[in-house]
Amino acid sequence: MSDTAVRVRRKGVGLGLVAWLAGIVFFLPIAWMALTSFHSEADAATNPPSFTAALTLDGYREFFGTDGGASPWPSLINSTVASVGSTALVLLLALPAAYALSVRRVRKWTDVLFFFLSTKMLPVVAGLLPVYLFAKNAGLLDNVWLLVVLYTSMNLPIAVWMMQSFLAEVPVAVIEAARVDGARLPTVLARVIAPMALPGIAATALICFIFSWNELLFARVLTGVVAETAPVFLTGFITSQGLFLAKVCAASLVISLPVLAAGFAAQDKLVQGLSLGAVK
Amino acid sequence: MTATTTAPVASPSAPAGRREPSARLRAWATRAPLLPALIFMIAVTQLPFVATLVISFFDWNSLYPDARRFTGLDNYRQVLTDADLRSSVWTTVLLTVTVVLVSLVLGLLLALLLDRRFKGRSVVRTLLIAPFLVVPVAAALLWKHVLYNPEYGLLNGLLHYVGGPQPDWISSTPLLAVEASLVWQWTPFMMLIILAGLQSRDPQQIEAARVDGASDWQVFRHLTLPHLRRYLELGALLGSIYIVQNFDAVFTITSGGLGTANLPYTVYQSFYQAHENGLASAAGVLVVIGSIIIATFALRVVSSLFREEGSRA
């Protein structure tokens, strides 16, 4: 082996180590949060921090309310209803729209696509007050279905944009053949297009789910006792003092778990989706 | 939609065919699948904004609803002259620019590292993505209580072992504290997009440059960086859209105190706590104007991406 080959390999190993170091630095806060969640409150709040304290499930027991305190279950259920409900509604509205924009190509389809994207650049705070006043007068405050509608409007532009780029890859000949055989639009969408574009649709659904699950501002302003979502439940810990550190960590981890699991399972799809289908 | 098939169909060769009602019907049938989504978006996003615009011209405190009256541009004058509000505009700009630039640069460096082959690359990638997948409120709580706490936080714990100082991070450097937590969350996102860009390079072109004796730096400067340009722009654009609107981190870590209140937090506070509907709306409209400025630039970037994709198809 020549000298340069050795030097190149040594440099490769060195940069690999730097990458590992970066990965560990970025992951350290999460690892530390996980470790703290298994400590007793007394061990969690020591200075300097203890790496070897005994492990316990007290933080989780405390979080799930078996030792008193508010139960997180209603908020977890609300988050599930709001996220799954709005994701379903988004797909129902976005699939036909994406079909019109990619397969049939309505006139000025790029303008329509840009309209959808431009609504995404309208900040949430720009419509928050009228939505609040409307909900108050209509008796819809603290109602999880209002969140379903709002989260749908939050994610629909992204979904239309992503799905039109996924549907554009379905061969037109296949769609034509189905239509010649007499299939109507809903049948074509459900039987021909949906199965072929399934990975793209799954990525879209995943991203809509994550954004809805994470949302705080609408939920904070529009819900209270009944329809409180998991992030709103977490805001109860903002002023929490040392005695509840393990509980805070357990709560944060449990509530992040659905997003972490979904994100790890679909890393590649996540990139493609987050860049609105522009990066392939 | 069935109307198109039952309506008398004009011969496609007829020159007047375009003016036939059936053609118009067919155009509507083409548009029909688009309408539910379009109507939904207009109803849920555009109508509330119009309402915000109208409310912004009224002096309206919800605790004194009877005193509501039209004041023209007074709210805007007040928003623009109020020292707190002006500082929140500045905070928003500073927060957005800092977080986007720093996470873009860090994301680029990490993407370059991960683009190389080494043992455990996929494990490292998974470790690096994790911060982006923590629920934003949970991430903010993690930084506030678990890392920054001056008594038993991890940062001061680690500093303790090397005999370093024990600062109270949030009260001594509040904005930096918020920025650091956001950089931690957004760097993985930038890395993912740039990594996708790196992996779409043409390996033959790089090989040819190397054969011609180009150094690592020359390959990076003249081949990789120009290729990455649109991916960097895309990351900056998407990052800006989300960070301009950031509420979770500011609300959780500092509750807008110590000069960290950005515009979304200020708008939230002026109607949720101060009940000043008119003022809040005027501030909201100003956020929109700021966003339109970013968006004009942003849409141009996206449309250039889009044209490239269109020409490929």
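Not measured: the values here are computed from a predicted model. Just so it is clear: chains get the letters A, B, ... in the order the sequence lines come, proteins before strands, and each one is counted from 1.
In this structure, chain A has heavy atoms under 4.5 Å from both the backbone and the side chain of B:A130. No part of B:N246 comes within reach of chain A, as not one of its non-hydrogen atoms sits under 4.5 angstrom from that chain. For chain B, the nearby part of A:L101 is the side chain; its heavy atoms alone come within less than 4.5 Å. Of the two parts of A:F134, neither the backbone nor the side chain holds a non-hydrogen atom closer than 4.5 Å to a non-hydrogen atom of chain B. At a 4.5 Å heavy-atom cutoff, the contact between B:F247 and chain A is made by side-chain atoms alone. Both the backbone and the side chain of B:V134 come within contact range of chain A, with heavy atoms under 4.5 Å apart. Only the side chain of B:Q245 has a heavy atom closer than 4.5 Å to any heavy atom of chain A. Contact of A:V90 with chain B is not made at all, since no heavy-atom distance falls under 4.5 Å. For a residue to count as touching a neighbouring chain, one of its non-hydrogen atoms must lie under 4.5 Å from one of that chain's; by this rule A:F51 touches chain B with the side chain only. A:L133 touches chain B through its side chain: at least one heavy atom from C-beta onward sits under 4.5 Å away, while N, CA, C and O do not. Proximity to chain A involves both the backbone and the side chain of B:L38, based on heavy atoms less than 4.5 angstrom apart. Interface remark: B:Q46 contributes side-chain atoms only to the contact with chain A (heavy atom separation under 4.5 Å).
Remark: B:R125 pairs with A:D268 by the salt bridge (Lys or Arg N to Asp or Glu O under 4.0 Å) rule, at least two apart or across chains.
Taking the six-membered ring for Trp and thresholds of 30 and 60 degrees, A:F211 and B:Y242 have nearly parallel ring planes, at less than 30 degrees apart.
With a 4.5 Å cut-off on side-chain heavy atoms, B:V123 and A:W20 count as touching. A 4.5 Å side-chain heavy-atom check between A:W213 and B:V135 finds at least one atom pair inside the cut-off. Looking at heavy atoms from C-beta onward, A:Y132 lies out of side-chain contact with B:N277 at the 4.5 angstrom threshold.
Within the 3.5 Å criterion, the main-chain N or O of B:T45 finds no donor-acceptor partner in the side chain of A:S153.
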* Working for side chain to side chain contact (heavy atoms under 4.5 Å, CB included), residues A:F237 and B:T252 -> CA-CA 9 Å; A:F237 291 106; B:T252 306; over 6 Å; no

* To do: Check step by step if side chain to side chain contact (heavy atoms under 4.5 Å, CB included) holds for B:L34 and A:W109.
  => CA-CA 10 Å; B:L34 188 63; A:W109 62 283; over 6 Å; no

* Please lay out, stage by stage, how A:S252 and B:L142 fare under the test side chain to side chain contact (heavy atoms under 4.5 Å, CB included). => CA-CA 8 Å; A:S252 300; B:L142 164 69; 5.8 Å; no

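With no hydrogens or angles considered, no side-chain donor-acceptor pair links B:Y272 and A:R220 at under 3.5 Å.
When each of A:I210, A:T152, A:L150, A:V131 is checked for heavy-atom pairs under 4.5 Å with chain B, A:T152 comes out on top.
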